[in-house]
Amino acid sequence: MNTAQFLVKSDLNFVDKASFTWQTPSNIALVKYWGKSNPQIPKNASISFTLKNCHTVTTIDFIKKEKSEEVTFNLFFEGKPKDEFKPKIAEFFERIQEYCPYIFEYEMTINSKNSFPHSSGIASSASGLSAIARCLMSLENEINADLSEEFINKKASFLARLGSGSASRSIEGPLVVWGNHPEIEGSSDLFGVQFPYKVHSVFENYQDAILLVDKGEKQVSSSVGHNLMINHPFAENRFLQANENLGKMSTILQEGNIKEFINLVESEALTLHAMMLTSNPYFILMKPNTLEVINSIWQYRQEHNSNICFTLDAGANVHVLYPLDEKESVNQFIDKELAKYCQKNQYICDATGLGAKQL
Ligand code: PMV
């Protein structure tokens with residue numbers, strides 16, 4: 001794998017100070033990534049919708065310092081110092097230092113906030129780490145001016161991946177593939193790429209209502225979950241199946257076969273959770289209300305001949321997916337029948353989005 005392309009080769013023209021602000025989105029996988037090897041190499045390829053409204057906004061202020069052996073940074077979340085997030089960010093900087101040697105030259109102050117409610121159970125690592133990666137690439141571009149837009153996005157995704165695998169899919173949009181796959185041109189285990197084929201109009205502006213079924217801290221983190229795929233009895237078949245599913249998904253997205261889309265997306269969500277149920281130690285992230293919501297969606301779909309479906313992340317919340325032309329009817333259904341299964345009746349209306357934006 002060609003990681004050498006991400007090393008900084010030319011001389012850098014350091015500036016005394018710089019500041020960049022990026023808004024980067026969350027994403028929801030349609031074919032799931034679950035299982036990895038070092039360093040953050042996925043066991044199978046995955047594809048996700050980039051979201052529009054769920055995002056992180058991060059500013060990094062860089063002040064030139066004497067070069068030192070240590071990476072120095074301050075971290076603020078929603079205006080307050082956030083020391084408990086520091087070890088994860090410090091580990092991220094350690095993993096990327098080879099590719100971003102300039103981080104030793106600056107004192108960094110990171111200010112971050114999310115558009116979604118704090119501890120909503122929505123994973124913020126994808127948007128959070130992709131935002132930091134994108135700010136670093138703005139600095140790299142400033143001190144090493146001849147980088148192409150294409151390279152900047154590729155390296156931002158590459159860096160984000162080293163922080164959190166799914167973060168590699170949070171730079172571009174509306175559909176991103178991460179993981180080497182024979183049917184997806186340009187795909188790589190090292191970074192996410194925009195789905196390279198023309199997508200059928202039915203999947204344009206696809207809607208995602210995120211039902212906040214459980215806002216608590218997950219009992220099992222995704223890094224522990226990924227590790228439980230090592231020696232998992234069904235792992236090898238799962239990785240094969242996921243790659244096959246990505247091939248099928250590629251055709252579905254191009255042809256606009258929404259019935260097959262529904263079947264594949266729901267099967268992927270339940271298979272992800274089946275892997276958790278059959279890990280050892282086993283664990284369950286769904287809550288009773290997750291199942292209530294799923295059953296209500298199935299009933300509504302049958303009774304209304306609707307194209308609504310669901311997917312799940314590594315948690316209890318449910319992503320309700322539906323085409324734009326059902327927005328009004330499905331929103332009414334969610335309000336009337338599904339909101340009651342959410343904590344404080346809360347859900348977030350989102351849709352597919354176009355990726356990172358500089359502010
Ligand atoms: O990026 P991580 O390590 O938090 O893993 C995310 C895994 C899932 O969200 C469950 C699936 C996916 O592909 O996003």
Side-chain angles (χ1 to χ4, degrees), residues 24-51 54 56 85 88-89 91-92 95 116 120-133 157-171 173 175-181 184 187 189-193 195 208 210 217-230 232 235 238-239 241-243 245-246 249 264-277 279 283-286 290 310-319 321 352:
T24 56
S26 184
N27 70 72
I28 179 68
L30 304 171
V31 173
K32 309 288 182 181
Y33 144 64
W34 198 242
K36 62 178 171 183
S37 54
N38 265 336
Q40 302 271 94
I41 299 300
K43 289 286 191 182
N44 62 260
S46 57
I47 184 167
S48 52
F49 272 143
T50 304
L51 298 182
C54 287
T56 297
F85 289 176
K88 190 164 169 123
I89 309 294
E91 192 188 354
F92 170 62
R95 288 191 195 158
F116 40 91
S120 56
I122 299 182
S124 57
S125 62
S127 54
L129 286 155
S130 56
I132 297 178
S157 170
F158 169 82
L159 297 176
R161 181 199 107 240
L162 290 168
S164 163
S166 57
S168 67
R169 299 188 312 241
S170 273
I171 298 290
L175 277 161
V176 177
V177 174
W178 168 45
N180 186 25
H181 192 281
I184 308 289
S187 59
D189 285 347
L190 297 179
F191 46 81
V193 295
F195 182 69
D208 178 8
I210 308 162
E217 215 27 44
K218 280 186 281 189
Q219 304 112 308
V220 180
S221 71
S222 62
S223 46
V224 171
H226 285 291
N227 279 337
L228 290 171
M229 289 300 276
I230 300 168
H232 188 295
R238 163 60 194 157
F239 303 143
Q241 178 203 42
N243 281 328
N245 281 350
L246 184 45
M249 183 57 84
L264 195 55
V265 165
E266 292 191 344
S267 165
E268 273 290 315
L270 294 177
T271 303
L272 169 70
H273 283 257
M275 291 299 110
M276 299 171 186
L277 299 175
S279 290
F283 59 105
I284 304 178
L285 296 183
M286 292 182 286
T290 310
F310 73 87
T311 188
L312 304 168
D313 240 331
N317 295 335
V318 183
H319 288 249
L321 300 177
T352 55

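Numbering of residues begins at 1 and proceeds along the displayed sequence. Just follow the structure's listing: the first ligand is 1, and inside any ligand the first atom is 1. Side chains are part of it too, since the values below use all heavy atoms of this structure and drop only hydrogens, waters and symmetry mates.
- Between Asp313 and ligand 1, at least one N/O pair is under 3.5 Å apart.
- Note on ligand 1: Gln40 sits outside its first shell, no heavy atom being nearer than 4.0 Å.
- Other residues, nucleotides and ligands place more than 12 heavy atoms under 6.0 Å from the CG atom of Leu277.
- Taking a cut-off of under 4.0 Å to the non-hydrogen atoms of Leu272, the atoms of ligand 1 that pass are 10 (C).
- Close N/O approach between Ser166 and ligand 1 is found [any backbone or side-chain N/O within under 3.5 Å].
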Subject >> Residue pair Ser48, Lys32: steps toward the side chain to side chain donor-acceptor pair (under 3.5 Å) verdict >> reply: CA-CA 8 Å; Ser48 52; Lys32 309 288 182 181; over 6 Å; no

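- Distance alone, capped at 3.5 Å, is enough to place a donor-acceptor pair between the His232 side chain and the Met275 backbone.
- Atoms of ligand 1 lying under 4.0 Å from at least one heavy atom of Ser222, given by number and element, are 2 (P), 3 (O), 4 (O), 5 (O).
- Of all the heavy atoms of Ala314, the ones lying under 4.0 Å from any atom of ligand 1 are found in both the backbone and the side chain.
- Those atoms of ligand 1 with a heavy atom of Ala29 less than 4.0 angstrom away are 12 (C), 13 (O), 14 (O).
- Numbered from 1 in the order shown, with element, the atoms of ligand 1 that lie under 4.0 Å from a heavy atom of Gly165 read 1 (O).
- Formation of a donor-acceptor pair under 3.5 Å by the Arg161 side chain with backbone atoms of Pro39 is found in this model.
- A search for ring pair (Phe, Tyr, Trp, His ring centres under 6.0 Å) contacts involving His226 returns Tyr33, Trp34, not counting sequence neighbours.
- Residue Tyr33 places at least one N or O, backbone or side chain, under 3.5 Å from an N or O of ligand 1.
- Between Lys32 and ligand 1, a contact under 3.5 Å exists for no N or O pair.
- For the residue pair Asn27/Thr50, the side-chain donor-acceptor check at 3.5 Å is not satisfied.
- Residue contacts with ligand 1 for Arg169 involve side-chain atoms from C-beta outward but no N, CA, C or O (heavy atoms, distance under 4.0 Å).
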**OP:** Decide side-chain contact (heavy atoms from CB on, under 4.5 Å) for Phe116 and Ser127; before the verdict, give the C-alpha distance in whole Å, the side-chain angles of both, and the deciding distance to 0.1 Å.
**Re:** CA-CA 11 Å; Phe116 40 91; Ser127 54; 4.0 Å; yes

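- Looking at ligand 1, you'll find an N or O of His226 within less than 3.5 Å of one of its N or O atoms.
- For the 3.5 Å distance criterion, the side chains of Ser46 and Arg169 qualify, holding a donor opposite an acceptor.
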